[in-house]
Amino acid sequence: MSATFHPPEELLLAYAAGSLEEASALLVACHLTLCPACRRLAGQAEAVGGSLLEELAPASLSDGALAAVLGRLGPVSATARPAVRQAPARPQPPRPGLLPRPLRDYVGADSAALPWKRLPGGLEQVPVVTRTDARARLYRIAPGMGVPEHSHGGLEMTLVLAGGFSDGHGHYGPGDVAVMADGGIHRPVADAGDPCLCLAVTTAPLRLTGLIGRLFNPFLDL
Amino acid sequence: MLDFSFISPDDRGRIAAPGHIRPRVVLTAVGGSDLAGRRQRVNSGTSADPVPAQMTRLLAALAETHDQADFIRLFEYYAPRIKTYLRRLGADDATAEELAQEAMLTVWRKAGFFDPAKASAGTWIFAIARNLRIDRLRRERRPELDPDDPALVPDPETPPDDALAAGQRERTIRAAVATLPPEQAEVIALSFYEDTPHSEISTRLGIPLGTVKSRLRLAMNRIRAALGDGPTPMEDLR
Ligand SMILES: [Zn+2]
């Protein structure tokens with residue numbers, strides 16, 4: 001299981017730099033859990049951050065800064081790594097169906113137990129991050145069902161966590177990120193078989209297209 | 001109208017002059033004579049041993065010994081730089097100082113988690129400062145990858161897990177960053193020192209967003225090429 005569709009590279013850089021808003025950062029962190037290639041890129045970008053930090057001109061600290069910190073040195077973390085480093089465990093295949101840790105930190109381990117809100121068209125949603133600049137929501141799409149056609153005023157990214165969907169641009173399986181930029185129109189349809197579970201991040205209000213979209217827009221929960 | 005006020009004159013020169021020689025930082029001895037032995041040990045490499053590599057060994061030593069003298073040297077090197085980093089990102093002087101101290105306290109507390117096979121001291125401490133800023137100044141959560149997550153899809157091949165390789169990787173990245181073409185170095189620096197989307201970088205620099213993105217990708221490709229990685233065939237936004 002290796003992702004085919006990845007977030008734009010500059011988003012990985014923004015994640016490493018710490019400038020990405022929370023909703024998109026959550027999606028990126030989940031993708032990094034599922035995609036070794038992007039994990040490597042993000043690691044390199046973070047190392048660029050470390051190297052830039054060391055290049056900065058040092059600011060002057062107040063006179064008592066060091067003494068103040070030394071006075072606050074408490075006990076070290078009890079769960080520190082053992083003095084003798086053990087050989088890394090053989091990589092285990094990921095546990096199927098387990099949500100990535102960054103998402104578990106928000107919604108817990110059991111996605112079935114979430115307060116799913118039913119929307120028309122075999123669609124269910126749970127808000128995860130709701131901020132003014134961006135939102136992250138979990139969606140569950142019934143097998144074979146489609147999300148009404150919609151277009152975007154901003155960026156929409158959808159990370160597949162289980163199952164899969166097609167939207168006319170491609171087929172997306174677990175770990176894949178479908179990216180819809182400004183003005184794109186798509187109509188995702190879930191695979192037959194199992195429900196499709198995905199994390200969708202929108203960074204601007206959507207415009208609706210088509211009568212169906214106007215009748216019920218799952219992305220607008222006003 | 002370009003606004004470079006957030007880049008110090010010093011760095012403007014630095015960005016415009018790739019391949020500059022970074023001034024060697026002189027580590028001053030702090031504390032008593034108990035430092036001498038350790039300092040000698042840490043400096044036992046060649047005289048060209050760069051400070052960042054010394055710092056990585058110091059932090060690894062701190063993880064084992066919890067020796068205040070090691071901590072003091074890390075503090076003297078990193079705390080003033082973390083403060084500069086936070087000032088660049090808009091924190092006032094008092095806040096930047098307070099958070100720099102806080103970041104170094106986290107370094108002390110979490111030193112046991114530092115793994116020199118995975119990252120240099122600079123990268124590990126950068127991540128601490130970055131996350132602290134997101135938490136305190138932006139008041140957002142920082143969703144963070146957990147390398148021990150049972151949901152993690154493992155790397156296809158086990159990466160070389162020795163400190164030497166990691167140190168080499170970081171040195172290579174540092175050298176590649178230092179020799180980026182000025183226009184690429186500029187967008188990389190702005191990515192790290194501005195809490196703004198790339199679209200705002202585009203506005204600031206007066207260049208199209210697509211140009212910002214392509215410069216960022218070119219820069220990362222250069223860094224990857226230096227590491228022996230090929231360029232990534234990343235798709236453009238559809
Ligand atoms: Zn990826």
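This structure is a prediction, so every number in the text was calculated from the model and none was measured. Lettering of chains follows the sequences in order, A, B, ..., and the numbering in each one begins at 1.
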Tell me, do [X] and [Y] make a side-chain contact under 4.5 Å, heavy atoms counted?
X: A:Glu54; Y: B:Tyr77; result: yes
X: B:Leu216; Y: A:Glu9; result: no
X: B:Phe71; Y: A:Val69; result: yes
X: B:Val177; Y: A:Glu55; result: no
X: B:Arg217; Y: A:Leu13; result: no
X: B:Phe192; Y: A:Leu53; result: no
X: B:Leu105; Y: A:Leu73; result: yes

With only heavy atoms counted, which part of [X] is less than 4.5 Å from chain A, the side chain, the backbone, both or neither?
X: B:Leu89; answer: neither
X: B:Asp229; answer: side chain
X: B:Ile134; answer: side chain
X: B:Glu102; answer: side chain
X: B:Glu97; answer: side chain
X: B:Ala119; answer: neither
X: B:Tyr85; answer: both
X: B:Arg215; answer: neither

Just how far is it from atom OG of A:Ser62 to atom CG of B:Asp93, taken to the nearest 0.5 Å?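 Those atoms lie 8.5 Å apart.
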CG/A:Leu52 to CZ/B:Arg174 distance, rounded to the nearest 0.5 angstrom?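 With rounding to 0.5 Å, CG (A:Leu52) is 10.0 Å from CZ (B:Arg174).
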If you apply the rule side-chain contact (heavy atoms from CB on, under 4.5 Å), what do you find for B:Trp124 with A:Glu46, and how did you get there? CA-CA 9 Å; B:Trp124 193 74; A:Glu46 196 164 77; over 6 Å; no
For chain A, find which of B:Met104, B:Met220, B:Arg142 contributes the most heavy-atom pairs closer than 4.5 angstrom. B:Arg142
B:Glu140, B:Gln68, B:Arg87: which one forms the most heavy-atom pairs within less than 4.5 Å of chain A? B:Glu140
Which of [options] touches chain B most, by non-hydrogen pairs under 4.5 Å:
options: A:Ala37, A:Pro100, A:Ala65; answer: A:Ala65
options: A:Ser51, A:Cys35, A:Ser60; answer: A:Ser51
options: A:Val48, A:Val28, A:Val129; answer: A:Val48
options: A:Leu98, A:Leu32, A:Leu26, A:Leu61; answer: A:Leu61

Per-residue contact mode, A:Ala42 against chain B (heavy atom under 4.5 angstrom): neither
Of the backbone (N, CA, C, O) and the side chain (C-beta and beyond), which part of A:Leu20 lies under 4.5 Å from a heavy atom of chain B, both, or neither? backbone
May I ask you to decide whether B:Arg141 forms a salt bridge with A:Asp105, counting only side-chain N to carboxylate O separations under 4.0 Å?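 Salt bridge absent between B:Arg141 and A:Asp105.
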Output yes when B:Asp146 and A:Arg101 qualify as a salt bridge under the 4.0 Å nitrogen-oxygen rule, no when they do not.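 Here B:Asp146 pairs with A:Arg101 in a salt bridge, since their nearest N and O are under 4.0 Å apart.
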Determine the minimum heavy-atom distance between [X] and [Y], stating which atoms define it.
X: B:Ile173; Y: A:Ala47; answer: CD1-CB, 3.5 Å
X: B:Ser191; Y: A:Ser19; answer: O-OG, 4.0 Å
X: B:Ala151; Y: A:Leu99; answer: CB-O, 3.7 Å
X: B:Pro143; Y: A:Glu22; answer: CG-O, 3.8 Å
X: A:Pro36; Y: B:Asp155; answer: CB-OD1, 3.4 Å

Hey, is CG on A:Asp63 packed in by over 12 heavy atoms from elsewhere, all under 6.0 Å?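 For A:Asp63, atom CG is not crowded (no more than 12 foreign heavy atoms under 6.0 Å).
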Does B:Pro147 offer a backbone N or O that forms a donor-acceptor pair with the side chain of A:Arg39 under 3.5 Å?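 No, because the side chain of A:Arg39 does not come within donor-acceptor range (under 3.5 Å) of the backbone of B:Pro147.
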Got a donor-acceptor contact below 3.5 angstrom from the B:Arg88 side chain to the A:Leu56 backbone?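 Not confirmed, B:Arg88 side chain does not pair with A:Leu56 backbone.
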